[in-house]
*Asks:* 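The following block contains the structure, expressed as structure tokens.
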Amino acid sequence: MSAPSPLVTAPDGPVPKAPARTAPSPSGRSLRLALCLTPLLIALCWAVANRPVVYEGVRRLVAADPRWLLAGLGCTCLTWVAASCVRQGALPDRLPAGLLLASQFAAGAANHALPGGLGAHAVTVRFLRARGVPLDRATASIGLYSLVKGVSKTLVLLVFLAVSPAWRRLAELVPDGPQLVPVAAVAGGVVTGAGVLLIVVRPLRRPVTGLVRTALADVRVVHARPCRVLALWGGAVAMPLVQAAALGCVGAALGLGLSFAEVALAFLAAGTAVGAAPVPGGFAVDAALMWTLVAFGAEPAPATATVIGYRVVTDWLPLLPGALVLSALIRAKVLWSNARSS
């Protein structure tokens, strides 16, 4: 029989003493530090190997037109609005608009520590739990958000491929059939392995099936409300467009020499191809984006400067304010109080 928990005397009677919070293990701190430093080390190695291109790109960035850079920063602000719309549209519950927008702004800072958007999803789950949303429904909304965002981005890419003649240059970047065999084999193996795990491991199958049922129920409720449908799909379609507009503004400031359709097609193609690569900080997308811009006819130096400027405008400039907002939300228990007590 286990020993009773220690009690402390209070005016209203004995109250159970709260358990002490365990400090994070050294291995966990080392892993988080490695995840934060990995994109910086990769970028540093690439910069050292390509010093002349980086130097010319930075020189162009310093001499860029500030008006276009401010326009790119404005488009970046619209991405947080679009993300908030998609988050709200993925959930039947009504969320406070101001706090939701603040949480999405703060989530951008968390994305620098974890790959694949996990940082933003973690912040959003904490926010939803603090608003009283159950964990299964909060997780289901994250899945719906990711699915709708990926589908919408693919549809926008297909529209640009249909209306822009620049797709012929993009076709040169597609690998040959034999080169796609290993990729298809790996993807098929992952899907097959996940299916086998769900069938064989019963403790895993039960929560997954419950989460799927919850997600399908919420999808039916959301799509029965026109305002939720507009927020969900409208925001998901607007997000890649305003991101491409931010890249186009930076390119215009640096004299990239490509039309908006070409810049948008390059951005959509690069993001769709390697957007799910498990590299924090989006470095895989940046490398693919530079390669794609050069394939569309841009010179290496302005293409490098454009990608660097885009990353500065969309990630590095908002990083410190986003971290401060994240800290303020935590201190105000916007991301903690109800999630802890539930």
Side-chain angles (χ1 to χ4, degrees), residues 74-108 111 116-164 208-246 260-261 264-265 267-269 271-272 275-276 314 334-335 338-339:
C75 293
T76 300
C77 295
L78 292 179
T79 61
W80 302 317
V81 177
S84 300
C85 291
V86 183
R87 297 287 189 188
Q88 176 62 88
L91 199 68
D93 309 69
R94 185 173 182 83
L95 302 172
L99 291 178
L100 177 60
L101 181 60
S103 71
Q104 296 310 294
F105 179 54
N111 261 348
L118 294 180
H121 293 331
V123 171
T124 301
V125 168
R126 298 299 304 183
F127 173 74
L128 296 179
R129 297 286 284 129
R131 305 275 71 75
V133 180
L135 180 59
D136 56 348
R137 296 186 57 239
T139 308
S141 73
I142 297 297
L144 180 59
Y145 170 91
S146 302
L147 177 62
V148 171
K149 184 180 174 183
V151 171
S152 299
K153 191 172 186 178
T154 303
L155 292 177
V156 173
L157 173 61
L158 292 177
V159 170
F160 271 90
L161 288 174
V163 301
S164 175
V208 171
T209 54
L211 180 62
V212 170
R213 284 196 296 267
T214 301
L216 292 177
D218 277 359
V219 166
R220 287 193 294 269
V221 173
V222 163
H223 285 81
R225 303 179 182 179
C227 59
R228 290 291 190 271
V229 175
L230 179 62
L232 180 65
W233 291 97
V237 170
M239 193 180 302
L241 292 177
V242 294
Q243 289 173 332
F260 173 75
L265 188 54
F267 172 81
L268 293 169
T272 303
T314 59
V334 174
L335 304 178
N338 291 344

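Fair warning: this is a prediction, and the values are worked out from it, not measured in the lab.
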*Asks:* Does NZ or CZ of Lys153 lie under 6.0 Å from the centre of the six-membered ring of Phe160, at an angle within 45° of the ring axis?
*Replies:* no

*Asks:* Can you tell me how far apart CG (Leu128) and CG (Leu100) are? Round to the nearest 0.5 Å.
*Replies:* 8.0 Å

*Asks:* Find the distance between OG1 (Thr214) and CZ (Arg137) and round it off to the nearest 0.5 Å.
*Replies:* 8.5 Å

*Asks:* Indicate the atoms forming the closest heavy-atom contact of Thr314 with Ala246, along with that distance.
*Replies:* CG2-CB, 4.4 Å

*Asks:* Hey, mind stepping through Leu161 and Leu158 against side-chain contact (heavy atoms from CB on, under 4.5 Å) and telling me if it holds?
*Replies:* CA-CA 5 Å; Leu161 288 174; Leu158 292 177; 4.3 Å; yes

*Asks:* State whether Asp93 and Arg131 are salt-bridged, where the test is any N-O pair (Lys NZ or Arg NE/NH1/NH2 against Asp/Glu carboxylate O) under 4.0 Å.
*Replies:* no

*Asks:* Can you tell me how far the CG atom of Leu101 sits from the CG atom of Leu95, to the nearest 0.5 Å?
*Replies:* 12.5 Å

*Asks:* Looking at every non-hydrogen atom in both residues, tell me the closest pair between Ser141 and Leu91 and how far apart they are.
*Replies:* CB-CD1, 3.7 Å

*Asks:* Yes or no on side-chain contact (heavy atoms from CB on, under 4.5 Å) for Val125 and Leu135, after CA distance, side-chain angles and deciding distance?
*Replies:* CA-CA 8 Å; Val125 168; Leu135 180 59; 4.2 Å; yes

*Asks:* Mind listing the closest non-hydrogen atom pair of Ala90 and Tyr145 along with its distance?
*Replies:* CB-N, 4.3 Å

*Asks:* Please round to the nearest 0.5 Å and tell me the distance separating atom NZ of Lys149 and atom CZ of Arg87.
*Replies:* 7.5 Å

*Asks:* Evaluate the criterion side-chain hydrogen bond (donor to acceptor under 3.5 Å, both in side chains) for residue pair Thr124 and Gln104; output intermediate values, then yes/no.
*Replies:* CA-CA 7 Å; Thr124 301; Gln104 296 310 294; 3.3 Å; yes

*Asks:* May I ask you to decide if Ala231's main-chain N or O and Gln88's side chain share a donor-acceptor pair within less than 3.5 Å?
*Replies:* no

*Asks:* Looking only at heavy atoms, what is the nearest atom pair of His121 and Ser146, with distance?
*Replies:* NE2-OG, 3.4 Å

*Asks:* Rounded to the nearest 0.5 Å, what separates atom CZ in Arg126 from atom OG in Ser103?
*Replies:* 13.0 Å

*Asks:* Going by atom types only, do Gln243 and Thr76 share a side-chain donor-acceptor pair under 3.5 Å?
*Replies:* no

*Asks:* For Leu268 and Val156, run side-chain contact (heavy atoms from CB on, under 4.5 Å): C-alpha distance rounded to whole Å, both residues' side-chain angles, the deciding distance at 0.1 Å, then the answer.
*Replies:* CA-CA 8 Å; Leu268 293 169; Val156 173; 3.7 Å; yes

*Asks:* Over all heavy atoms of both residues, which pair between Pro240 and Phe267 is shortest? Give the atoms and the distance, please.
*Replies:* O-CE2, 3.9 Å

*Asks:* In Å and rounded to the nearest 0.5 Å, what is the OG1 to CG distance from Thr139 to Leu144?
*Replies:* 12.5 Å

*Asks:* Does any non-hydrogen side-chain atom of Leu147 lie less than 4.5 Å from one of Val151?
*Replies:* yes

*Asks:* Determine the minimum heavy-atom distance between His223 and Leu232, stating which atoms define it.
*Replies:* CE1-CD2, 3.9 Å

